[in-house]
Amino acid sequence: MSAAGRPVLDPATGRVITRLPDTDGPGVADAVARADAAFRGGWADTSAAHRSGLLRELGDLLREDRDEFAALERRNAGKPTTRAVGEVDFAARVVDWFAAAARYPVGETHPAGRGMRTYTDRVPVGVCAAISPNNYPLLLAVWKIAAALAYGNTVVVKPAPETPLSVRRLVDHAAKVLPEGVLTAVYGGAETGRLLCDHPAVGMVSFTGSTTVGREVARRCADGLKPVSLELGGKSPFVVFRDADLDAAARAVVTAYTGNTGQMCVAGTRLIVDRAVHDEFVGRVAELAAALRVGPPEDPGTDLGPLISRAAVDRVAQVVEEAAARGAEVILPPGRSGVRHELDGGFFVNPVIVDDAPSDARAWREEIFGPVLSVASFDADADAEALALAHDTAYGLSASVWTSDADRVERFSRALRAGMVWVNTWGDTEESVSVSGLGQSGYGRELGIHAVEGYTRPRAVWVAHRPGR
Ligand code: NAD
(Lines give C-alpha, C1' and ligand atoms only; values in the text may rest on other atoms or scores of the structure.)
Protein backbone atom coordinates (compact mmCIF):
# COMPACT_ATOMS: atom_id res chain seq x y z
CA MET A 1 0.00 0.00 0.00
CA SER A 2 1.38 3.44 -0.87
CA ALA A 3 1.81 6.13 1.73
CA ALA A 4 -1.12 7.96 0.15
CA GLY A 5 -3.43 5.16 1.16
CA ARG A 6 -5.07 1.98 -0.01
CA PRO A 7 -6.41 2.23 -3.57
CA VAL A 8 -10.19 2.00 -3.88
CA LEU A 9 -11.05 0.62 -7.32
CA ASP A 10 -13.86 0.85 -9.82
CA PRO A 11 -14.35 -2.88 -10.51
CA ALA A 12 -15.85 -2.11 -13.93
CA THR A 13 -12.55 -0.65 -15.17
CA GLY A 14 -9.95 -1.67 -12.60
CA ARG A 15 -9.03 1.99 -12.26
CA VAL A 16 -8.36 3.76 -8.97
CA ILE A 17 -11.26 5.99 -7.81
CA THR A 18 -9.46 7.30 -4.75
CA ARG A 19 -7.08 6.26 -2.02
CA LEU A 20 -8.02 5.88 1.59
CA PRO A 21 -5.44 5.37 4.34
CA ASP A 22 -5.95 2.42 6.67
CA THR A 23 -6.83 3.51 10.18
CA ASP A 24 -3.86 2.58 12.37
CA GLY A 25 -3.76 1.58 16.04
CA PRO A 26 -3.98 5.13 17.45
CA GLY A 27 -6.74 5.94 14.95
CA VAL A 28 -8.82 2.92 16.03
CA ALA A 29 -8.20 3.77 19.68
CA ASP A 30 -9.36 7.33 19.02
CA ALA A 31 -12.57 6.21 17.25
CA VAL A 32 -13.41 3.77 20.04
CA ALA A 33 -12.66 6.41 22.69
CA ARG A 34 -15.02 8.85 20.96
CA ALA A 35 -17.73 6.20 20.75
CA ASP A 36 -17.21 5.24 24.39
CA ALA A 37 -17.34 8.88 25.50
CA ALA A 38 -20.56 9.39 23.55
CA PHE A 39 -22.08 6.27 25.09
CA ARG A 40 -21.17 7.22 28.64
CA GLY A 41 -21.74 10.92 28.06
CA GLY A 42 -25.47 10.60 27.54
CA TRP A 43 -26.39 8.49 24.51
CA ALA A 44 -27.06 5.38 26.61
CA ASP A 45 -29.55 7.38 28.70
CA THR A 46 -31.42 9.03 25.85
CA SER A 47 -35.06 8.12 25.60
CA ALA A 48 -36.12 5.63 22.96
CA ALA A 49 -38.35 8.35 21.52
CA HIS A 50 -35.35 10.62 21.05
CA ARG A 51 -33.27 7.93 19.34
CA SER A 52 -36.25 7.00 17.23
CA GLY A 53 -36.56 10.58 16.01
CA LEU A 54 -32.89 10.74 15.08
CA LEU A 55 -33.12 7.44 13.22
CA ARG A 56 -36.05 8.80 11.24
CA GLU A 57 -33.84 11.73 10.23
CA LEU A 58 -31.15 9.28 9.20
CA GLY A 59 -33.69 7.44 7.05
CA ASP A 60 -34.68 10.75 5.45
CA LEU A 61 -31.06 11.48 4.74
CA LEU A 62 -30.74 8.19 2.84
CA ARG A 63 -33.89 8.96 0.87
CA GLU A 64 -32.88 12.54 0.07
CA ASP A 65 -29.41 11.48 -1.10
CA ARG A 66 -30.59 8.25 -2.70
CA ASP A 67 -29.08 8.98 -6.11
CA GLU A 68 -25.68 9.89 -4.66
CA PHE A 69 -25.57 6.75 -2.53
CA ALA A 70 -26.68 4.62 -5.47
CA ALA A 71 -24.01 6.22 -7.69
CA LEU A 72 -21.34 5.28 -5.14
CA GLU A 73 -22.57 1.68 -4.99
CA ARG A 74 -22.58 1.56 -8.79
CA ARG A 75 -19.08 2.98 -9.12
CA ASN A 76 -17.36 1.27 -6.20
CA ALA A 77 -19.23 -2.06 -6.06
CA GLY A 78 -20.11 -2.37 -9.77
CA LYS A 79 -23.86 -2.59 -9.17
CA PRO A 80 -26.26 -1.88 -12.03
CA THR A 81 -28.34 1.21 -11.25
CA THR A 82 -31.68 -0.46 -10.47
CA ARG A 83 -30.01 -2.80 -8.02
CA ALA A 84 -28.03 0.02 -6.39
CA VAL A 85 -31.15 2.17 -5.96
CA GLY A 86 -33.07 -0.82 -4.57
CA GLU A 87 -30.40 -1.35 -1.94
CA VAL A 88 -30.46 2.30 -0.82
CA ASP A 89 -34.26 2.08 -0.54
CA PHE A 90 -33.99 -1.12 1.50
CA ALA A 91 -31.41 0.53 3.76
CA ALA A 92 -33.82 3.43 4.36
CA ARG A 93 -36.66 1.00 5.20
CA VAL A 94 -34.40 -0.78 7.68
CA VAL A 95 -33.61 2.51 9.41
CA ASP A 96 -37.34 3.32 9.53
CA TRP A 97 -38.10 -0.10 10.96
CA PHE A 98 -35.56 0.29 13.76
CA ALA A 99 -36.79 3.83 14.41
CA ALA A 100 -40.10 2.19 15.26
CA ALA A 101 -38.55 -0.86 16.98
CA ALA A 102 -36.61 1.40 19.33
CA ARG A 103 -39.96 2.28 20.94
CA TYR A 104 -41.29 -1.25 21.16
CA PRO A 105 -41.70 -2.38 24.80
CA VAL A 106 -38.99 -4.73 26.05
CA GLY A 107 -38.49 -6.66 29.26
CA GLU A 108 -40.75 -8.31 31.79
CA THR A 109 -42.00 -7.67 35.28
CA HIS A 110 -42.08 -10.69 37.55
CA PRO A 111 -44.59 -11.62 40.22
CA ALA A 112 -43.07 -10.63 43.55
CA GLY A 113 -44.19 -10.17 47.11
CA ARG A 114 -45.26 -6.91 48.59
CA GLY A 115 -42.43 -4.42 48.95
CA MET A 116 -40.40 -5.90 46.14
CA ARG A 117 -40.42 -5.03 42.46
CA THR A 118 -38.63 -7.47 40.17
CA TYR A 119 -38.13 -6.83 36.51
CA THR A 120 -35.90 -7.71 33.60
CA ASP A 121 -34.92 -5.09 31.08
CA ARG A 122 -32.41 -4.98 28.27
CA VAL A 123 -29.36 -2.76 28.38
CA PRO A 124 -27.15 -1.66 25.50
CA VAL A 125 -23.76 -3.35 25.13
CA GLY A 126 -21.89 -0.03 24.80
CA VAL A 127 -19.62 0.45 21.81
CA CYS A 128 -20.61 -1.87 19.00
CA ALA A 129 -18.00 -2.65 16.33
CA ALA A 130 -19.77 -3.22 13.02
CA ILE A 131 -17.55 -5.03 10.51
CA SER A 132 -19.17 -5.38 7.12
CA PRO A 133 -18.46 -7.17 3.81
CA ASN A 134 -17.92 -5.91 0.28
CA ASN A 135 -21.02 -7.29 -1.45
CA TYR A 136 -23.73 -4.99 -0.03
CA PRO A 137 -21.54 -2.20 1.30
CA LEU A 138 -24.15 0.30 2.44
CA LEU A 139 -27.07 -2.03 3.13
CA LEU A 140 -25.39 -4.51 5.45
CA ALA A 141 -23.56 -1.80 7.38
CA VAL A 142 -26.93 -0.07 7.86
CA TRP A 143 -28.53 -3.29 9.19
CA LYS A 144 -26.01 -3.16 12.01
CA ILE A 145 -25.87 0.60 12.54
CA ALA A 146 -29.65 1.05 12.72
CA ALA A 147 -30.20 -1.81 15.18
CA ALA A 148 -27.27 -0.88 17.40
CA LEU A 149 -28.27 2.80 17.61
CA ALA A 150 -31.94 2.02 18.17
CA TYR A 151 -31.12 0.06 21.31
CA GLY A 152 -28.82 2.71 22.78
CA ASN A 153 -25.35 1.63 21.63
CA THR A 154 -22.78 3.72 19.85
CA VAL A 155 -21.11 2.34 16.74
CA VAL A 156 -17.69 2.18 15.15
CA VAL A 157 -18.21 0.82 11.65
CA LYS A 158 -15.52 -0.71 9.47
CA PRO A 159 -16.59 -1.20 5.86
CA ALA A 160 -14.74 -3.65 3.62
CA PRO A 161 -11.54 -2.18 2.16
CA GLU A 162 -12.73 -2.72 -1.43
CA THR A 163 -15.98 -0.80 -0.96
CA PRO A 164 -15.75 1.88 1.73
CA LEU A 165 -17.20 4.86 -0.14
CA SER A 166 -20.94 4.64 0.55
CA VAL A 167 -20.40 3.99 4.27
CA ARG A 168 -17.93 6.86 4.45
CA ARG A 169 -20.55 9.15 2.95
CA LEU A 170 -23.21 7.90 5.35
CA VAL A 171 -21.00 8.45 8.40
CA ASP A 172 -19.94 11.92 7.20
CA HIS A 173 -23.54 12.98 6.57
CA ALA A 174 -24.89 11.35 9.72
CA ALA A 175 -22.78 13.81 11.69
CA LYS A 176 -25.45 16.40 10.77
CA VAL A 177 -28.03 14.34 12.65
CA LEU A 178 -26.28 12.33 15.38
CA PRO A 179 -24.32 13.64 18.38
CA GLU A 180 -20.53 13.55 18.19
CA GLY A 181 -19.04 10.07 18.57
CA VAL A 182 -22.33 8.15 18.24
CA LEU A 183 -21.39 6.86 14.78
CA THR A 184 -17.77 6.84 13.63
CA ALA A 185 -15.91 4.88 10.97
CA VAL A 186 -12.49 3.30 10.64
CA TYR A 187 -11.03 2.06 7.36
CA GLY A 188 -8.78 -0.75 6.22
CA GLY A 189 -8.73 -4.54 6.07
CA ALA A 190 -7.87 -7.40 8.40
CA GLU A 191 -5.50 -5.44 10.61
CA THR A 192 -8.00 -2.66 11.34
CA GLY A 193 -10.65 -5.33 11.98
CA ARG A 194 -8.39 -7.12 14.45
CA LEU A 195 -7.67 -3.89 16.30
CA LEU A 196 -11.40 -3.31 16.69
CA CYS A 197 -12.12 -6.86 17.88
CA ASP A 198 -9.32 -6.67 20.43
CA HIS A 199 -10.07 -3.23 21.83
CA PRO A 200 -11.19 -3.60 25.46
CA ALA A 201 -13.75 -0.79 25.23
CA VAL A 202 -15.63 -2.50 22.38
CA GLY A 203 -18.66 -4.15 23.98
CA MET A 204 -19.69 -6.38 21.10
CA VAL A 205 -18.70 -7.19 17.54
CA SER A 206 -21.29 -7.54 14.82
CA PHE A 207 -19.57 -9.20 11.89
CA THR A 208 -20.79 -10.09 8.42
CA GLY A 209 -18.30 -11.76 6.10
CA SER A 210 -16.68 -15.05 5.22
CA THR A 211 -16.67 -18.08 7.50
CA THR A 212 -12.87 -18.15 7.65
CA VAL A 213 -12.64 -14.58 8.92
CA GLY A 214 -15.69 -15.09 11.15
CA ARG A 215 -13.85 -17.88 12.98
CA GLU A 216 -10.93 -15.57 13.72
CA VAL A 217 -13.30 -12.82 14.88
CA ALA A 218 -15.03 -15.31 17.21
CA ARG A 219 -11.67 -16.45 18.65
CA ARG A 220 -10.59 -12.88 19.32
CA CYS A 221 -13.92 -12.00 20.91
CA ALA A 222 -13.69 -15.14 23.06
CA ASP A 223 -10.46 -13.78 24.55
CA GLY A 224 -12.25 -10.59 25.56
CA LEU A 225 -15.45 -12.49 26.46
CA LYS A 226 -17.31 -10.22 24.07
CA PRO A 227 -20.62 -11.14 22.53
CA VAL A 228 -20.29 -11.54 18.79
CA SER A 229 -22.85 -11.77 16.04
CA LEU A 230 -21.65 -13.72 12.99
CA GLU A 231 -23.39 -13.63 9.62
CA LEU A 232 -21.16 -15.81 7.45
CA GLY A 233 -20.97 -17.58 4.12
CA GLY A 234 -23.20 -20.08 2.38
CA LYS A 235 -23.45 -22.69 -0.34
CA SER A 236 -27.18 -22.92 -0.55
CA PRO A 237 -29.25 -25.67 -2.17
CA PHE A 238 -32.02 -25.04 -4.68
CA VAL A 239 -34.10 -28.25 -4.92
CA VAL A 240 -36.46 -28.80 -7.87
CA PHE A 241 -38.99 -31.63 -8.16
CA ARG A 242 -40.66 -32.65 -11.41
CA ASP A 243 -44.06 -31.47 -10.15
CA ALA A 244 -42.80 -27.89 -9.64
CA ASP A 245 -43.70 -24.92 -11.80
CA LEU A 246 -40.56 -25.42 -13.86
CA ASP A 247 -40.73 -22.06 -15.64
CA ALA A 248 -40.93 -20.13 -12.40
CA ALA A 249 -38.24 -22.32 -10.81
CA ALA A 250 -35.90 -21.80 -13.77
CA ARG A 251 -36.28 -18.02 -13.59
CA ALA A 252 -35.75 -18.10 -9.84
CA VAL A 253 -32.61 -20.24 -9.93
CA VAL A 254 -31.04 -17.92 -12.49
CA THR A 255 -31.69 -14.97 -10.17
CA ALA A 256 -30.50 -17.04 -7.21
CA TYR A 257 -27.07 -17.74 -8.68
CA THR A 258 -26.42 -14.72 -10.90
CA GLY A 259 -28.01 -11.91 -8.85
CA ASN A 260 -25.38 -9.36 -7.76
CA THR A 261 -23.11 -11.38 -10.09
CA GLY A 262 -23.35 -14.26 -7.64
CA GLN A 263 -21.90 -12.22 -4.79
CA MET A 264 -24.65 -13.00 -2.30
CA CYS A 265 -24.33 -14.93 0.94
CA VAL A 266 -27.70 -16.57 0.24
CA ALA A 267 -26.96 -17.36 -3.43
CA GLY A 268 -28.61 -20.60 -4.55
CA THR A 269 -25.50 -22.15 -6.07
CA ARG A 270 -26.24 -25.87 -5.83
CA LEU A 271 -29.11 -26.94 -8.09
CA ILE A 272 -30.48 -30.31 -6.99
CA VAL A 273 -32.90 -31.49 -9.63
CA ASP A 274 -35.18 -34.47 -10.14
CA ARG A 275 -33.45 -36.66 -12.76
CA ALA A 276 -36.76 -37.03 -14.61
CA VAL A 277 -36.72 -33.35 -15.59
CA HIS A 278 -32.96 -32.75 -15.47
CA ASP A 279 -32.30 -32.20 -19.18
CA GLU A 280 -35.36 -30.07 -19.79
CA PHE A 281 -34.85 -27.96 -16.65
CA VAL A 282 -31.10 -27.43 -16.91
CA GLY A 283 -31.57 -26.58 -20.60
CA ARG A 284 -34.10 -23.90 -19.65
CA VAL A 285 -31.83 -22.47 -16.97
CA ALA A 286 -28.86 -22.40 -19.36
CA GLU A 287 -30.93 -20.61 -21.99
CA LEU A 288 -32.04 -17.93 -19.54
CA ALA A 289 -28.57 -17.47 -18.05
CA ALA A 290 -26.91 -17.28 -21.47
CA ALA A 291 -29.31 -14.45 -22.40
CA LEU A 292 -28.19 -12.27 -19.48
CA ARG A 293 -26.12 -9.26 -20.42
CA VAL A 294 -22.77 -8.80 -18.77
CA GLY A 295 -21.77 -5.17 -19.00
CA PRO A 296 -20.92 -1.85 -17.41
CA PRO A 297 -23.06 -0.99 -14.39
CA GLU A 298 -24.19 2.34 -15.84
CA ASP A 299 -25.68 0.66 -18.92
CA PRO A 300 -29.45 0.19 -18.24
CA GLY A 301 -29.38 -3.08 -20.21
CA THR A 302 -26.80 -4.69 -17.92
CA ASP A 303 -27.84 -7.68 -15.84
CA LEU A 304 -24.44 -8.68 -14.46
CA GLY A 305 -21.93 -6.06 -13.42
CA PRO A 306 -18.33 -6.91 -12.53
CA LEU A 307 -17.05 -9.00 -9.65
CA ILE A 308 -15.33 -7.13 -6.87
CA SER A 309 -11.72 -7.90 -7.81
CA ARG A 310 -9.36 -9.51 -10.29
CA ALA A 311 -8.75 -12.25 -7.70
CA ALA A 312 -12.48 -13.06 -7.69
CA VAL A 313 -12.39 -13.49 -11.50
CA ASP A 314 -9.38 -15.80 -11.22
CA ARG A 315 -11.18 -17.84 -8.55
CA VAL A 316 -14.19 -18.42 -10.81
CA ALA A 317 -11.95 -19.44 -13.73
CA GLN A 318 -9.94 -21.85 -11.53
CA VAL A 319 -13.03 -23.47 -10.07
CA VAL A 320 -14.40 -24.16 -13.55
CA GLU A 321 -11.05 -25.56 -14.74
CA GLU A 322 -10.83 -27.82 -11.71
CA ALA A 323 -14.39 -29.11 -12.13
CA ALA A 324 -13.80 -29.83 -15.83
CA ALA A 325 -10.50 -31.56 -15.13
CA ARG A 326 -12.32 -33.80 -12.66
CA GLY A 327 -14.94 -34.91 -15.13
CA ALA A 328 -17.76 -32.40 -14.64
CA GLU A 329 -19.61 -31.16 -17.69
CA VAL A 330 -19.36 -27.41 -18.23
CA ILE A 331 -22.74 -26.53 -19.72
CA LEU A 332 -22.17 -22.77 -19.68
CA PRO A 333 -20.20 -21.05 -21.14
CA PRO A 334 -20.30 -23.56 -23.98
CA GLY A 335 -16.91 -25.07 -24.68
CA ARG A 336 -15.55 -23.89 -21.30
CA SER A 337 -13.74 -20.95 -22.83
CA GLY A 338 -15.10 -17.50 -22.15
CA VAL A 339 -15.52 -17.66 -18.40
CA ARG A 340 -13.64 -14.38 -18.30
CA HIS A 341 -15.53 -11.57 -19.99
CA GLU A 342 -13.00 -9.05 -21.27
CA LEU A 343 -14.37 -5.50 -21.10
CA ASP A 344 -12.63 -2.20 -20.34
CA GLY A 345 -10.11 -3.78 -17.97
CA GLY A 346 -12.94 -4.59 -15.53
CA PHE A 347 -13.48 -7.71 -13.45
CA PHE A 348 -16.23 -9.36 -15.52
CA VAL A 349 -17.22 -13.02 -15.86
CA ASN A 350 -19.97 -14.84 -17.73
CA PRO A 351 -22.51 -17.04 -15.96
CA VAL A 352 -21.32 -20.62 -15.48
CA ILE A 353 -23.20 -23.93 -15.10
CA VAL A 354 -21.27 -27.04 -14.11
CA ASP A 355 -23.03 -30.41 -14.07
CA ASP A 356 -22.14 -33.46 -12.03
CA ALA A 357 -18.99 -32.18 -10.35
CA PRO A 358 -17.50 -34.62 -7.79
CA SER A 359 -18.81 -33.94 -4.33
CA ASP A 360 -15.40 -32.77 -3.11
CA ALA A 361 -14.86 -30.40 -6.06
CA ARG A 362 -14.73 -26.73 -5.13
CA ALA A 363 -17.64 -26.03 -7.50
CA TRP A 364 -19.89 -28.19 -5.32
CA ARG A 365 -18.40 -27.56 -1.92
CA GLU A 366 -16.97 -24.05 -1.65
CA GLU A 367 -18.58 -20.66 -1.63
CA ILE A 368 -17.28 -19.22 -4.90
CA PHE A 369 -18.85 -15.75 -4.73
CA GLY A 370 -19.37 -15.56 -8.47
CA PRO A 371 -22.13 -16.68 -10.88
CA VAL A 372 -21.36 -20.42 -10.76
CA LEU A 373 -24.17 -22.99 -10.54
CA SER A 374 -23.25 -26.56 -9.69
CA VAL A 375 -25.88 -29.17 -10.66
CA ALA A 376 -26.59 -32.60 -9.14
CA SER A 377 -29.56 -34.91 -9.73
CA PHE A 378 -31.56 -37.29 -7.61
CA ASP A 379 -33.76 -40.20 -8.59
CA ALA A 380 -37.32 -39.28 -9.31
CA ASP A 381 -39.36 -38.68 -6.19
CA ALA A 382 -36.53 -39.71 -3.85
CA ASP A 383 -37.03 -37.18 -1.07
CA ALA A 384 -34.33 -38.64 1.14
CA GLU A 385 -31.74 -38.44 -1.61
CA ALA A 386 -32.71 -34.84 -2.44
CA LEU A 387 -32.47 -33.89 1.21
CA ALA A 388 -29.09 -35.60 1.62
CA LEU A 389 -27.76 -33.61 -1.35
CA ALA A 390 -29.23 -30.39 0.06
CA HIS A 391 -27.45 -31.07 3.34
CA ASP A 392 -24.16 -32.03 1.73
CA THR A 393 -22.55 -28.82 3.01
CA ALA A 394 -21.19 -27.47 6.26
CA TYR A 395 -23.12 -24.23 5.71
CA GLY A 396 -26.72 -23.58 6.68
CA LEU A 397 -27.66 -20.12 5.52
CA SER A 398 -30.57 -20.62 3.14
CA ALA A 399 -32.38 -23.24 1.08
CA SER A 400 -35.08 -23.22 -1.57
CA VAL A 401 -37.38 -26.07 -2.58
CA TRP A 402 -39.80 -26.19 -5.49
CA THR A 403 -42.72 -28.65 -5.63
CA SER A 404 -46.49 -28.61 -5.95
CA ASP A 405 -46.96 -31.54 -3.56
CA ALA A 406 -48.40 -30.18 -0.31
CA ASP A 407 -47.06 -33.07 1.79
CA ARG A 408 -43.59 -32.54 0.42
CA VAL A 409 -43.84 -28.81 1.10
CA GLU A 410 -44.56 -29.68 4.71
CA ARG A 411 -41.78 -32.28 4.97
CA PHE A 412 -39.13 -30.08 3.41
CA SER A 413 -40.05 -26.91 5.25
CA ARG A 414 -39.58 -28.84 8.47
CA ALA A 415 -36.49 -30.79 7.49
CA LEU A 416 -34.29 -28.31 5.63
CA ARG A 417 -31.41 -27.25 7.84
CA ALA A 418 -30.99 -23.58 7.03
CA GLY A 419 -31.63 -20.24 8.66
CA MET A 420 -33.82 -19.11 5.76
CA VAL A 421 -36.06 -21.55 3.90
CA TRP A 422 -37.92 -20.52 0.77
CA VAL A 423 -40.64 -22.75 -0.64
CA ASN A 424 -41.65 -22.13 -4.27
CA THR A 425 -39.90 -18.79 -3.98
CA TRP A 426 -36.39 -17.52 -3.50
CA GLY A 427 -34.63 -14.58 -1.92
CA ASP A 428 -37.44 -12.86 -0.02
CA THR A 429 -36.07 -10.70 2.80
CA GLU A 430 -37.70 -7.90 4.71
CA GLU A 431 -36.72 -5.64 7.52
CA SER A 432 -39.29 -7.08 9.93
CA VAL A 433 -38.08 -10.68 9.64
CA SER A 434 -35.06 -11.66 11.75
CA VAL A 435 -32.39 -13.72 10.00
CA SER A 436 -29.59 -15.92 11.26
CA GLY A 437 -27.54 -18.75 9.78
CA LEU A 438 -27.01 -22.28 11.03
CA GLY A 439 -23.86 -24.43 11.02
CA GLN A 440 -20.84 -22.76 9.43
CA SER A 441 -23.03 -19.83 8.34
CA GLY A 442 -22.78 -18.37 11.83
CA TYR A 443 -25.07 -17.42 14.66
CA GLY A 444 -25.91 -13.80 14.10
CA ARG A 445 -29.14 -11.98 14.72
CA GLU A 446 -30.05 -9.27 12.27
CA LEU A 447 -33.29 -7.44 11.45
CA GLY A 448 -36.70 -7.92 12.99
CA ILE A 449 -37.61 -8.08 16.64
CA HIS A 450 -34.87 -10.59 17.52
CA ALA A 451 -32.12 -8.08 16.68
CA VAL A 452 -32.70 -6.69 20.16
CA GLU A 453 -31.23 -9.93 21.56
CA GLY A 454 -27.97 -9.39 19.69
CA TYR A 455 -27.55 -5.69 20.41
CA THR A 456 -28.53 -5.63 24.10
CA ARG A 457 -27.94 -7.76 27.20
CA PRO A 458 -30.66 -8.84 29.62
CA ARG A 459 -30.45 -7.52 33.17
CA ALA A 460 -32.53 -8.63 36.15
CA VAL A 461 -33.35 -6.04 38.82
CA TRP A 462 -34.81 -6.48 42.30
CA VAL A 463 -35.96 -3.28 44.00
CA ALA A 464 -36.88 -3.58 47.69
CA HIS A 465 -39.34 -0.90 48.78
CA ARG A 466 -39.23 -2.13 52.37
CA PRO A 467 -35.58 -2.96 52.99
CA GLY A 468 -35.08 -5.93 55.29
CA ARG A 469 -38.82 -6.85 55.13
P1 NAD B 1 -14.38 -11.04 4.33
O2 NAD B 1 -14.60 -12.07 5.36
O3 NAD B 1 -13.15 -11.11 3.52
O4 NAD B 1 -14.38 -9.58 5.01
C5 NAD B 1 -15.46 -9.12 5.77
C6 NAD B 1 -14.99 -7.98 6.65
O7 NAD B 1 -14.07 -8.47 7.63
C8 NAD B 1 -14.24 -6.88 5.90
O9 NAD B 1 -14.59 -5.65 6.44
C10 NAD B 1 -12.79 -7.23 6.18
O11 NAD B 1 -11.91 -6.14 6.04
C12 NAD B 1 -12.88 -7.69 7.62
N13 NAD B 1 -11.79 -8.56 8.05
C14 NAD B 1 -10.96 -9.31 7.30
N15 NAD B 1 -10.11 -10.00 8.09
C16 NAD B 1 -10.41 -9.66 9.37
C17 NAD B 1 -9.88 -10.06 10.64
N18 NAD B 1 -8.91 -10.94 10.73
N19 NAD B 1 -10.45 -9.53 11.76
C20 NAD B 1 -11.48 -8.67 11.68
N21 NAD B 1 -11.99 -8.25 10.50
C22 NAD B 1 -11.48 -8.75 9.36
O23 NAD B 1 -15.69 -11.03 3.40
P24 NAD B 1 -16.01 -10.22 2.06
O25 NAD B 1 -15.22 -10.84 0.94
O26 NAD B 1 -15.92 -8.76 2.27
O27 NAD B 1 -17.57 -10.56 1.88
C28 NAD B 1 -18.00 -11.74 1.35
C29 NAD B 1 -18.34 -12.78 2.42
O30 NAD B 1 -19.33 -12.26 3.29
C31 NAD B 1 -18.94 -14.04 1.84
O32 NAD B 1 -18.41 -15.16 2.51
C33 NAD B 1 -20.43 -13.89 2.14
O34 NAD B 1 -21.15 -15.10 2.18
C35 NAD B 1 -20.39 -13.21 3.44
N36 NAD B 1 -21.67 -12.54 3.69
C37 NAD B 1 -22.54 -13.07 4.61
C38 NAD B 1 -23.80 -12.47 4.80
C39 NAD B 1 -24.79 -13.03 5.78
O40 NAD B 1 -25.76 -12.33 6.10
N41 NAD B 1 -24.63 -14.24 6.27
C42 NAD B 1 -24.14 -11.34 4.06
C43 NAD B 1 -23.22 -10.83 3.14
C44 NAD B 1 -21.99 -11.44 2.97
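This one's a predicted model, so the numbers in the text were calculated from it and none came from an experiment. Quick note: numbers below take in every heavy atom, side chains included, and nothing from hydrogens, waters or symmetry partners. Both ligands and their constituent atoms are indexed starting at 1 by order of listing.
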- Message: Given 3.5 Å as the limit, does a donor-acceptor pair link the side chain of R365 with the main chain of S359, or not?
- Response: yes

- Message: Using a 3.5 Å cut-off on N or O atoms only, is T208 in polar contact with ligand 1?
- Response: no

- Message: Quick one, L304 and P371 - any side-chain contact, counting heavy atoms below 4.5 Å?
- Response: yes

- Task: Quick one: look up the protein heavy atom nearest atom 7 (O) of ligand 1 and list residue, atom name and how far away it is.
- Result: F207 CE1, 3.2 Å

- Looking only at atom types and distance, does a side-chain atom of N76 sit under 3.5 Å from a main-chain N or O of E162, one as donor and one as acceptor? yes

- Mode of E367 contact toward ligand 1 - side chain, backbone, both, neither (heavy atoms, under 4.0 Å): side chain

- Item | Evaluation steps, salt bridge (Lys or Arg N to Asp or Glu O under 4.0 Å), between K235 and E366 | CA-CA 7 Å; K235 186 75 180 175; E366 277 184 25; over 6 Å; no

- Note on the structure: The protein heavy atom nearest to atom 26 (O) of ligand 1 is N134 N, 3.0 Å

- Item | atom 42 (C) of ligand 1: nearest protein contact (heavy atom, Å) | C265 SG, 3.0 Å

- Task: Pick one of side chain, backbone, both or neither for how V217 approaches ligand 1, counting any non-hydrogen atom pair under 4.0 Å.
- Result: side chain

- Query: Can a salt bridge be assigned to the pair R40 and D36 using a cut-off of 4.0 Å between side-chain N and carboxylate O?
  - Reply: yes

- Task: Kindly say whether I308 contributes a backbone atom to a donor-acceptor pair with the side chain of Q263 at under 3.5 angstrom?
- Result: yes

- Note on the structure: Counting heavy atoms under 4.0 Å, the part of T192 that contacts ligand 1 is neither

- Task: Give a yes or no on whether the backbone of N135 and the side-chain of K79 come within a donor-acceptor separation of less than 3.5 Å.
- Result: yes

- Please could you name the atoms of ligand 1 that L397 approaches to less than 4.0 Å, counting only its heavy atoms? 41 (N)

- Plane angle bin for W402 and F238 - parallel if under 30°, tilted between 30 and 60°, otherwise perpendicular: parallel

- Task: Measure the distance from atom 35 (C) of ligand 1 to every protein heavy atom, then report the residue, atom name and distance (to 0.1 Å) of the closest one.
- Result: G209 O, 3.2 Å

- Message: So for ligand 1, is N135 a polar contact partner (N or O within less than 3.5 Å, distance only)?
- Response: no

- Contact partition for L232 relative to ligand 1, non-hydrogen atoms under 4.0 Å: backbone

- Message: Are any of the N/O atoms on T211, whether in the backbone or the side chain, positioned under 3.5 angstrom from an N/O atom of ligand 1?
- Response: no

- Task: Mark the output for S441 as yes if a heavy-atom distance to ligand 1 is under 4.0 Å, and as no if none is.
- Result: no

- Message: Treating T302 as the side-chain partner and E298 as the backbone partner, does any N or O pair qualify as donor plus acceptor under 3.5 Å?
- Response: no

- To the nearest 0.5 Å, what is the distance between CD1 (I272) and NE2 (H391)? 9.0 Å

- Protein contact to atom 2 (O) of ligand 1 [nearest heavy atom, distance to 0.1 Å]: S210 OG, 2.6 Å

- Looking only at protein heavy atoms, what sits closest to atom 10 (C) of ligand 1 is K158 NZ, 3.7 Å

- Looking only at atom types and distance, does a side-chain atom of E64 sit under 3.5 Å from a main-chain N or O of L61, one as donor and one as acceptor? no

- Contacting atoms of ligand 1, where contact means under 4.0 angstrom from a heavy atom of G189: 11 (O)

- For the pair S166 (side chain) and E73 (backbone), establish whether a donor and an acceptor sit closer than 3.5 Å, ignoring hydrogens and angles. no

- Option whose closest heavy atom lies nearest to atom 40 (O) of ligand 1, chosen from E231, R194, E446: E231

- Item | T403 (side chain) donor-acceptor with V401 (main chain) under 3.5 angstrom | no

- Distance to 0.1 Å, residue and atom name: give those for the protein heavy atom nearest to atom 28 (C) of ligand 1. F369 CE2, 3.4 Å

- Item | Pick from V213, T163, T429: the one approaching atom 14 (C) of ligand 1 most closely through a non-hydrogen atom | V213

- Got a donor-acceptor contact below 3.5 angstrom from the S132 side chain to the A141 backbone? no

- Task: Give the residue, atom name and distance (to 0.1 Å) of the protein heavy atom nearest atom 6 (C) of ligand 1.
- Result: S132 O, 3.5 Å

- Among I368, V352, I353, side chain to side chain contact (heavy atoms under 4.5 Å, CB included) partner for Y257: I353

- Query: Nearest protein heavy atom to atom 21 (N) of ligand 1: under 4.0 Å?
  - Reply: yes

- Item | Atoms of ligand 1, numbered as shown, that sit under 4.0 Å from any heavy atom of L140 | 42 (C), 43 (C)

- Taking only heavy atoms of G233 into account, list the atoms of ligand 1 that are under 4.0 Å away from them. 32 (O), 34 (O)

- Query: What do you reckon, does E216 have a nitrogen or oxygen under 3.5 Å from a nitrogen or oxygen of ligand 1?
  - Reply: yes

- Message: Between ligand 1 and Y136, is the shortest N or O to N or O distance under 3.5 Å?
- Response: no

- Query: Under 4.0 Å from any heavy atom of P161, which atoms of ligand 1 are there?
  - Reply: 11 (O)

- Query: Are the side chain of S398 and the backbone of V266 linked by a donor-acceptor contact shorter than 3.5 Å?
  - Reply: yes

- Query: Of the backbone atoms (N, CA, C, O) and the side-chain heavy atoms from C-beta on, which set of I131 has a member under 4.0 Å from an atom of ligand 1: side chain, backbone, both, or neither?
  - Reply: side chain

